[in-house]
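First up is the structure itself, then whatever we jot down about it.
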There are 2 protein chains.
Amino acid sequence: MVVDDADDGGLNRLFHALSDPTRRDVLRRCARGDLSVSRLAAEYPMSFAAVQKHVTVLEQAGLVSKRRSGREQLVRTEPDALARARRALDELEAHWRGRVERMSSLLEREPPTREP
Amino acid sequence: MVVDDADDGGLNRLFHALSDPTRRDVLRRCARGDLSVSRLAAEYPMSFAAVQKHVTVLEQAGLVSKRRSGREQLVRTEPDALARARRALDELEAHWRGRVERMSSLLEREPPTREP
DNA sequence: ATCATCTACAACCATTTGGTTGTATGTTAG
DNA sequence: CTAACATACAACCAAATGGTTGTAGATGAT
């Protein structure tokens with residue numbers, strides 16, 4: 001990422017974090033209930049360290065948080081971050097809708113088909 | 001991307017495409033009205049070829065399409081792709097909501113504070 | 001106290017990304 | 001026809017990504 005990070009309120013990291021299927025799966029699993037990192041790691045055909053890194057990416061994107069419980073680290077998804085991503089998509093869609101509205105208002109300016 | 005691409009219906013490419021601020025800006029600008037690649041390129045502090053690559057990434061993610069018009073190539077945003085991304089986020093949020101509902105139903109199972 | 005478990009983190013490696021420049025090709029204007 | 005413009009695409013490069021292994025520190029169980 002070239003940009004320096006405050007530019008977009010973390011949207012870069014947010015969407016980047018979402019662009020990996022393992023990470024999306026982690027979000028799904030943890031949404032059903034907090035899971036320790038090692039519990040998660042057992043689910044994927046990769047090393048513990050790899051999963052640890054994925055969790056770190058999710059954490060830095062704000063999509064999960066970790067809380068210690070004994071020797072385990074429980075991962076919890078943070079739905080607020082998902083909401084932020086959604087709002088970003090809404091904003092993009094709004095630009096497009098604005099265009100549609102502009103086109104519609106052109107159409108509306110045309111007189112409706114004459115009522116009989 | 002390690003995964004082989006049909007696994008997720010293109011969500012990897014979709015979110016990856018959205019994870020760059022230049023590309024999100026291209027989407028915004030083209031949403032207001034189709035723009036040629038060179039018109040777009042003029043807006044960013046990078047080479048024409050770099051912008052061309054960004055457009056290609058957006059195109060392969062399904063977020064834009066290009067149509068030729070004379071010697072120009074007009075870029076148009078494809079809101080359906082944005083909708084796909086939104087549905088993916090909704091699905092993730094639904095998992096979390098499911099959890100909340102499960103917690104709620106646990107609470108509901110508890111007897112209400114005794115009525116005197 | 002010892003041992004097994006969970007986590008953290010560094011070092012390393014192959015591939016991908018995001019950028020560059022340069023060259024070639026097609027299209028429109030004069 | 002020729003010149004200018006818009007695009008396409010290859011080759012190259014530095015940095016980031018996604019993975020590995022290995023080492024070390026905490027914590028819990030016996």
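Bear in mind that the values here come from a model prediction, so they are computed numbers and not experimental data. Throughout, protein chains are lettered first and strands after them, A, B, ... in sequence-line order, and every chain is numbered starting at 1.
With distances taken from any side-chain atom of B/R68 to the nucleotides D/dA8, C/dT20, C/dT7, the minimum falls on D/dA8. The side chain of A/H54 has D/dG19 as its nearest neighbour among D/dT7, C/dG18, D/dG19. Here D/dA29 is the nucleotide among C/dT20, D/dA29, C/dT27 with the atom lying nearest to any side-chain atom of A/R71. The side chain of B/H16 approaches C/dG18 more closely than any other nucleotide in the set C/dT21, C/dG18, D/dT7.
In this structure, B/Q52 places its CD atom 13 Å from C1' of C/dG26, rounding to the nearest Å. Here D/dA8 presents its P atom at 13 Å from CD of B/Q60, a figure rounded to the nearest Å. Distance A/Y44 OH to D/dG18 P: 15 Å, rounded to the nearest Å. One interatomic measurement links the two molecules: CG of A/L40 to P of C/dC6, which rounds to 13 Å at whole-angstrom precision. Distance CG (B/L58) to C1' (C/dT17): 14 Å, rounded to an integer number of Å. What separates CG of B/D20 from C1' of C/dG18 is a distance of 8 Å, to the nearest Å. Put simply, NZ on A/K53 is 12 Å from P on C/dA11, counting in whole angstrom units. For the pair B/R39 CZ and D/dA6 P, the interatomic distance rounds to 10 Å; values are reported in whole Å.
The phosphate of C/dA8 (OP1 or OP2) has a side-chain N or O of A/Q73 nearer than 4.0 angstrom. In this model, the phosphate group of D/dG19 is not approached by any side-chain N or O of A/S47 to a distance below 4.0 Å at OP1 or OP2.
Nearer the 5' end of DNA chain D, as judged by each residue's closest nucleotide, is the contact made by B/S38, out of A/F48 and B/S38. In terms of position on DNA chain C, the residue among B/A49 and B/V57 whose nearest nucleotide sits closer to the 5' end is B/V57. Comparing A/T22 and B/S36 by the nucleotide of DNA chain D that holds the closest heavy atom to each, the one mapping nearer the 5' end is B/S36.
Atoms OG1 and CZ, from B/T77 and B/R32 in turn, are 11.5 Å apart once rounded to the nearest 0.5 Å.
A 6.0 Å sphere centred on CZ of A/R39 holds no more than 12 heavy atoms belonging to other residues, nucleotides or ligands.
When all heavy atoms of B/D25 and B/Y44 are compared, the pair lying nearest together is OD2-OH, 2.6 Å. Across all non-hydrogen atoms, the minimal contact from A/V64 to A/L27 is CG1-CD2, 3.6 Å.
Judged by distance alone, the side chain of A/R84 and the main-chain N or O of A/G9 form a donor-acceptor pair under 3.5 Å.
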